[in-house]
A.B. asks: 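Before we start, here is the structure in question, set down as structure tokens.
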Amino acid sequence: MARNLPYDTADLREKDSEHVIHPWGYLKSTDKKDTLILADSEGIYVSDTDGEKFIDGPAGMWCVNIGYRNEEMAQAIADQVRRMTYYSPFGKLSTPPYAELGAKLAELAPGDLDRCFFATGGSTAVDSAIRFVWFYFNVIGKPNKKAVIARQWGYHGSTYLAASLCGKPRDKTYMDLMSDRVHHLEAPNPYRRPDGMSVEAFRDQCVKELEDKILELGPDNVACFIAEPILASGGVIVPPPGYHKRTLEVCRKYGVLYISDEVVTGFGRLGHMFASEPVFDIVPDIITCAKGLTSGYIPLGAFIASERLYQDILASNAETAVFSNGFTYSGHPVACAAALKNIEIMEREDICAHVRKISPHFQERLRGLGKLPLVGDARGVGLMGCVEMVKDRKTKEAFTWETGVGAKVDQRCQENGLILRPMGHLCVFSPPLVISPAQIDRMFDIMHKAIDATQDELVKAGTWKG
Ligand SMILES: Cc1ncc(COP(=O)(O)O)c(C=O)c1O
């Protein structure tokens, strides 16, 4: 990757600071001199405009699953651009990669999840899935089923509807969201369970909370429950064993549809193309996916619905029903070609088996960080991890967001060649799936040192006593 790239970092920082609005950017932060401008990449590494090389801890944004700068992907994308650059799949139009990808996802998805709708990313996939659920109930004559149940600390996207499903408190400040149809349950976070309660009892409490909420709203008014198998952006929250199956059973009992949001967990992150069935033993009604679907090379998202739902719509009396939902770039042929190639590479190189093989080592090294005095919880599954830094390990009191502990750890990591994703007192990471055991060791060695150094800094500043 040691290529000489002709960039003027100061000039780019100036332009970046003067002319763009960054997603989740702190608009009042004036010091933009340290914006990291990434210009090159290869495998699990990215490098900045000055040639500094980093292990990419978060795989971009949980997405570059097959790793960076894959020539075969580049070729497949270029070939599709040269062949059929763009066409919309609205109505009765289609393109070869669009049809092929539909069939491929139907083959990969569990159970009878055989009907794909293509969107442009995760948010529009989630948005479209919820609109499809409402459409479905309208068409089959149950128009009162509108309530959507989601969870605190869940993340489902940034369109108005998807954002309204999210449960991260800070993301709601200053933002307007839909409140009348969305209901949030507590996060199924074992680390934050009530003192003295067993994990099993906590799981039962979470399941009961879902059932109580459905009964409170009335099953005839509840459309669906949407849940990430692992609450990724909320801090890699791994629900207690059995939670997924039990919550699905509750949904089935009351005719509530279950949407498994696999935007992060899909395409190998947990060692399987979809995690719902092989990892969590559930076949939901709908799965949403994006990110790893194309390994982030081109934006694409999808929801895959049960054929049963589709057949119910066909069997209804709503002769003129149109699913009036779609985007100019729904199922863009270049994105679909990228997804097909991505899946081909993943299957040929058996990347899921690689993830299953190396995950125990990744998780063991992660648990090792949990022994550090500053770390309250080090949790994860597959190639997903999070360290939660706390003021006091006994009381689990979290640092305030303003302390910026996660950002401090990330900064120290960057100084040693690793990028993490800091969020308040948390740091999350989910490296490209092609990472080797030696690279995993390097990653965790850097994190270990960075957490120690942050601890020293906090002690000196009098912010942490241990
Ligand atoms: C679980 C989950 N759903 C949906 C989304 C939204 O996806 P996108 O950012 O591609 O719109 C994300 C993004 O991080 C996600 O983690």
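Note that ligands are numbered from 1 as they come in the structure, with each ligand's atoms numbered from 1 the same way.
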A.B. asks: Of the options Phe90, Phe118, Tyr329, which is the one that meets Tyr98 in a ring-ring contact (aromatic ring centres under 6.0 Å, His included)?
C.D. replies: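 When ring-ring contact (aromatic ring centres under 6.0 Å, His included) is applied between Tyr98 and each of Phe90, Phe118, Tyr329, only Phe118 qualifies.
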A.B. asks: I need the atoms of ligand 1 closer than 4.0 Å to a non-hydrogen atom of Glu228, numbered in the order shown.
C.D. replies: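 In order of numbering, the contacting atoms are 1 (C).
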A.B. asks: Tell me which one of Thr159, Leu293, Val263, Thr288 gets a heavy atom nearest to atom 5 (C) of ligand 1.
C.D. replies: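 Answer by nearest heavy atom: Val263.
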A.B. asks: Looking at ligand 1, would Glu262 count as a contact under a 4.0 Å heavy-atom criterion?
C.D. replies: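 Under 4.0 Å: no for Glu262.
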A.B. asks: Measuring from atom 3 (N) of ligand 1, which candidate in Ile230, Leu300, Asp261 has the nearest non-hydrogen atom?
C.D. replies: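 When every heavy atom of Ile230, Leu300, Asp261 is considered, Asp261 comes closest to atom 3 (N) of ligand 1.
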A.B. asks: Below 30° counts as parallel, above 60° as perpendicular, anything between as tilted: where do the rings of Phe135 and Phe323 land?
C.D. replies: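 Tilted.
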A.B. asks: Can you tell me how far the CD atom of Gln439 sits from the OG atom of Ser436, to the nearest 0.5 Å?
C.D. replies: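 Atom-to-atom, Gln439:CD and Ser436:OG are 3.5 Å apart.
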A.B. asks: Which heavy atom of the protein is the closest neighbour of atom 9 (O) of ligand 1, given with residue, atom name and distance?
C.D. replies: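 Looking at atom 9 (O) of ligand 1, the protein heavy atom closest to it is Ser123 OG, 4.2 Å.
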A.B. asks: Within the 4.0 Å heavy-atom shell around Gly122, which atoms of ligand 1 are there?
C.D. replies: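 What qualifies from ligand 1 is 6 (C), 7 (O), 8 (P), 10 (O), 11 (O).
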A.B. asks: How far is atom 16 (O) of ligand 1 from the closest protein heavy atom, and which atom is that?
C.D. replies: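 Nearest protein contact, heavy atoms only, for atom 16 (O) of ligand 1 is Val264 CG2, 3.3 Å.
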A.B. asks: Between Trp134 and Arg181, is there a cation-pi geometry (under 6.0 Å to ring centre, at most 45° from the normal)?
C.D. replies: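 Cation-pi check for Arg181 and Trp134: passes.
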A.B. asks: Considering the options Asp261, Thr124, Asp127, which one meets the side-chain hydrogen bond (donor to acceptor under 3.5 Å, both in side chains) requirement together with Thr288?
C.D. replies: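 For Thr288, the side-chain hydrogen bond (donor to acceptor under 3.5 Å, both in side chains) check succeeds only for Asp261.
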A.B. asks: What atoms of ligand 1 come within less than 4.0 Å of a heavy atom belonging to Lys291?
C.D. replies: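 Checking each atom against Lys291, I get 12 (C), 13 (C), 14 (O), 16 (O).
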A.B. asks: Can you classify the ring geometry of Tyr86 versus His332 as parallel (below 30°), tilted (30 to 60°) or perpendicular (above 60°)?
C.D. replies: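 The arrangement is tilted - the two ring planes meet at 30° to 60°.
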A.B. asks: Which bit of Met61 gets closer than 4.0 Å to ligand 1, counting heavy atoms only: side chain, backbone, both or neither?
C.D. replies: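 The answer is neither; Met61 stays 4.0 Å or more away.
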A.B. asks: Taking atom types as modelled, is there a side-chain donor on Ser260 or Ser276 under 3.5 Å from an acceptor on the other?
C.D. replies: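 Ser276 and Ser260 do have a side-chain donor-acceptor pair below 3.5 Å.
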